**Q** 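Before anything else, here's the structure in question.
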Amino acid sequence: MLKFHNTLSGQLEEFQPLNGNEVRLYVCGPTVWSYAHIGNFRTFTFGDILRRYLKFKGYRLTHVFNLTDVDDRIINEAAKAEKSIDEFTAPFIDAFWEDSDALGIERPEIAPRATHHIPEMIRIIETLLENGHAYESEGSIYYRISAFPEYGKLSKINFAGNISGASGRVDTDKYDKENAQDFALWKFAGADEATGWDASFGRGRPGWHIECSAMAMKYLGETFDIHAGGIDLKFPHHENEIAQSEGASGKIFAKYWLHSEHLKVEGETMSKSLGNYFTFRDLLAKGYTPTAIRYLLLSVPYHKQLNFTFETLDGAEHTLERLRDFRKRLNEAKLSCGDNQDLQKIAKKSLSDFEAAMDDNLNSSVALAALHNLVREVNTSLANDTVLTANRDFILQTIDKIDSVLGIFGEEKEEILDTEIESLIEERQEARRNRNFARSDEIRDLLSEKGIVLEDTKDGVRWKRK
RNA sequence: GGCGGCGUAGCCAAGUGGUAAGGCAGAGCUCUGCAAAAGCUUUAUUCAUCGGUUCAAUUCCGAUCGCCGCCUCCA
């Protein structure tokens, strides 16, 4: 039975879709004003695990993942670069999908962009103006918190206990708002401003939160199943999405709210000033592989902070090598016909352990442990020659099922060596048969320089790339 | 000032009122002509500290120390 920790209730809840076997999922995507960092990708990897696990459970999925391609930062940066918004964001959008694909993050069914949904946002704002949930002030449109008594139900923020502007970010004098907590739905844009859209209530640009309300409701309906995103979006972004959407529709916006915790780097907040800020691309440039990064990102349950360290990332590289070696070895092993019932049981248990772990609010740590236990057991059996042909098929199927969610094994590709290397390996085997170890060691060193590692096993020589 | 989370072996970590998953690193072993690689085994009398509740606490309660986050830029 699949259970999620629902931020809305603050409790672990059994997951029950609103409509039969169909799940409608919205995950907040990136603001495409620069390259996404590994913290961003922790959340997006979580979204991917959520998506894949829902499919694993047999649900039919509509997954919407937005790209925020308009906000003040983008407008300013684009202006600085003397580019249009589209020109400015295009390379970052391309880069984002490139990174995302490399990390094995499945493409969502729908990936809408804010700039393509301005009319939808305008319509919601019109509705909110009509029903008294919004008001105009100095050309901008604000949401009237006092018209939505449930405001705060997601983040559970006690506004009474707060010092106004405790974070130093609230500039209450800047806008003429009825209430300091009221937030902008539409920001006035004067005729001199390059970026603006015309609306019945005046020219301007959308506030940050309205895009998600508009795109979620357009593609998933006024009420849908799951809304997910990073913990920092809980307030104000998601709180405001709820206020806007429910204020306009009068219906519950999303049934389950899932939030992923942040990652830290070497125990500290990731920040540019600390010099521990890494984009996905930074890590690739350091020689790390996308799957190891993915492994690290999913090795800790999404709802707990993850401490990213390079020691762990090095470890993840090795762990993945072990997993891939395992699958390859199992595939290539010379087995006798038959079916070892003990091993079948072990494989079945691993799969059920995996599922039980994921059912428990996506506990990926325990899910990985189930996989590792299977690998260890089968390795032992391989060494004892107790793996039989039927076991291999079943174990490989089990691995495939688990990996349909984790996505860490990668494609099993037939690697081909060039003939020069192949003949060197053959020459070394010949030298070894003739006990010409000087020559065989020489060849081994030569191959090592070429990045080929040899493994002398009792079944012959195996090779792999470093 | 308000609110939330965390502190488990060298590192990353899961976890539960009944005595500590998993991965990496380390060590030992197997294999090997020797290596390497690979595989296996092993690694916390103990879960920040101090009290309390309990037959029993890492797990519940309280205090203390330390770390992280949110309180209208944020994944």
Side-chain angles (χ1 to χ4, degrees), chain A residues 10 27-31 36-47 71-73 155-172 180-184 207-209 228-237 239-240 259-264 266-270 295-296 299-301 303-323 325-326 329 353 357 360 363-373 375-376 379-380 382-384 432 435-437 440-441 444-445 448 453-458 461-464 466:
Chain A
V27 180
C28 282
T31 302
H37 59 65
I38 52 174
N40 296 318
F41 279 117
R42 197 226 176 163
T43 293
F44 304 144
T45 302
F46 148 64
D71 75 344
D72 288 357
R73 245 176 349 195
S155 55
K156 292 153 186 79
I157 285 177
N158 170 14
F159 293 100
N162 280 330
I163 292 173
S164 180
S167 69
R169 297 190 212 146
V170 188
D171 187 355
T172 44
Q181 290 146 26
D182 290 352
F183 58 92
W208 172 31
H209 320 294
I231 185 75
D232 51 318
L233 298 183
K234 185 166 73 171
F235 188 87
H237 185 54
E239 194 68 63
N240 291 354
H259 289 102
S260 60
E261 259 293 355
H262 279 182
L263 71 67
K264 300 186 278 183
E266 308 284 353
E268 294 190 282
T269 311
M270 182 167 69
Y295 183 93
L296 176 45
S299 68
V300 178
H303 56 95
K304 291 203 163 193
Q305 289 186 351
L306 178 158
N307 188 13
F308 179 100
T309 72
F310 283 97
E311 192 178 347
T312 314
L313 187 53
D314 289 332
E317 295 283 3
H318 193 192
T319 303
L320 285 173
E321 210 176 300
R322 170 181 152 86
L323 291 175
D325 277 358
F326 164 77
R329 195 179 319 115
D353 285 351
D360 181 19
N363 191 333
S364 44
S365 296
V366 175
L368 281 171
L371 173 64
H372 285 124
N373 287 334
V375 169
R376 195 186 54 247
N379 271 334
T380 303
L382 279 170
N384 299 336
R432 289 181 71 214
R435 304 190 67 76
N436 180 358
F437 297 122
S440 83
D441 289 353
R444 186 166 67 197
D445 292 344
S448 174
V453 184
L454 296 180
E455 243 179 76
D456 294 323
T457 75
K458 60 178 187 260
V461 65
R462 298 178 71 216
W463 61 272
K464 66 178 178 183
K466 268 187 202 167

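Computed from heavy atoms alone, side chains included, the values below leave out hydrogens, waters and symmetry copies. Computed from a prediction, not measured in an experiment: that's the story for all the values here. Naming: A, B, ... by sequence-line order, numbering from 1 per chain.
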**Q** Suppose we call a contact any N or O donor and acceptor under 3.5 Å apart; does that hold for the side chain of S440(A) and the base of G33(B)?
**A**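 Counting by modelled atom types and ignoring angles, a donor-acceptor contact under 3.5 Å is found here.
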
**Q** Strictly below 4.0 Å: does K304(A) bring a side-chain N or O up to OP1 or OP2 of G15(B)?
**A** yes

**Q** Using the C1' atom on both, measure G23(B) against C65(B) and round to a whole Å.
**A** 30 Å

**Q** How close or far is atom P of G5(B) from atom CD of E261(A), stated in whole angstroms?
**A** 10 Å

**Q** Using a cut-off of strictly less than 4.0 Å, decide whether K156(A) has a side-chain nitrogen or oxygen near OP1 or OP2 of G2(B).
**A**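 No, K156(A) has no side-chain N/O under 4.0 Å of OP1/OP2 on G2(B).
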
**Q** Does any N or O donor sit under 3.5 Å from an N or O acceptor when you compare the side chain of D456(A) with the base of A35(B)?
**A** yes

**Q** Does a distance-only test, which skips hydrogens and angles, find a donor-acceptor pair under 3.5 Å between the side chain of R322(A) and the base of C24(B)?
**A** no

**Q** Base, sugar-phosphate, or nothing for D441(A), non-hydrogen atoms under 4.0 angstrom?
**A**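 Since a base atom lies under 4.0 Å of D441(A), the category is base.
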
**Q** What closest approach, in Å, do A316(A) and Y295(A) show between heavy atoms, and which atom pair accounts for it?
**A** CB-CD2, 3.8 Å

**Q** Let me know, please, whether N373(A) or P30(A) comes out on the 5' side of the other along RNA chain B by nearest nucleotide.
**A**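 With N373(A) and P30(A) compared, the 5'-side residue is N373(A).
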
**Q** Stacking here means centres under 5.5 Å and planes under 30°; does F44(A) stack on A75(B)?
**A** no

**Q** State whether H318(A) places a side-chain N or O below 4.0 Å from either non-bridging phosphate oxygen (OP1 or OP2) of A25(B).
**A**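 Yes.
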
**Q** If the cut-off is 4.0 Å, is N379(A) near the phosphate of C40(B), judged by side-chain N/O to OP1 or OP2?
**A**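 For N379(A), the contact criterion (side-chain N or O under 4.0 Å from OP1 or OP2 of C40(B)) is met.
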
**Q** Check whether any side-chain heavy atom of H209(A) sits under 4.5 Å from a side-chain heavy atom of E239(A), and report yes or no.
**A** no

**Q** For a quick test of reading the model: is some side-chain N or O of N307(A) closer than 4.0 Å to OP1 or OP2 of C11(B)?
**A**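 Negative; the distance criterion is not met.
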
**Q** Contact class for H37(A) (heavy atom, under 4.0 Å): base, sugar-phosphate, or nothing?
**A** base

**Q** For R329(A), answer base if it contacts any base atom (sugar-phosphate contacts may also be present), sugar-phosphate if it contacts only those atoms, and nothing otherwise; contact means non-hydrogen atoms under 4.0 Å.
**A** sugar-phosphate

**Q** To check you understand the geometry: which heavy-atom pair defines the closest contact between R42(A) and P301(A), and what is its length?
**A** NH2-O, 2.9 Å

**Q** Could you tell me how far apart R42(A) (CZ) and C12(B) (C1') are, to the nearest whole angstrom?
**A** 12 Å

**Q** Between E455(A) and V300(A), which residue's closest nucleotide on RNA chain B lies nearer the 5′ terminus?
**A** V300(A)

**Q** So, R376(A) and N373(A): side-chain donor and acceptor under 3.5 Å apart, yes or no?
**A**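 Yes, N373(A) and R376(A) have a side-chain donor paired with an acceptor closer than 3.5 Å.
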
**Q** Does H372(A) stack onto the base of G23(B), taking stacking as ring centres under 5.5 Å apart and planes under 30° apart?
**A** no

**Q** Can a side chain N or O of R462(A) be found less than 4.0 Å away from OP1 or OP2 on A36(B)?
**A**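 So the side-chain polar atoms of R462(A) never come under 4.0 Å of the phosphate oxygens OP1 or OP2 of A36(B).
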
**Q** What I want to find out is whether D325(A) reaches R322(A) closely enough, with some N-O distance under 4.0 Å, to be called a salt bridge.
**A** no

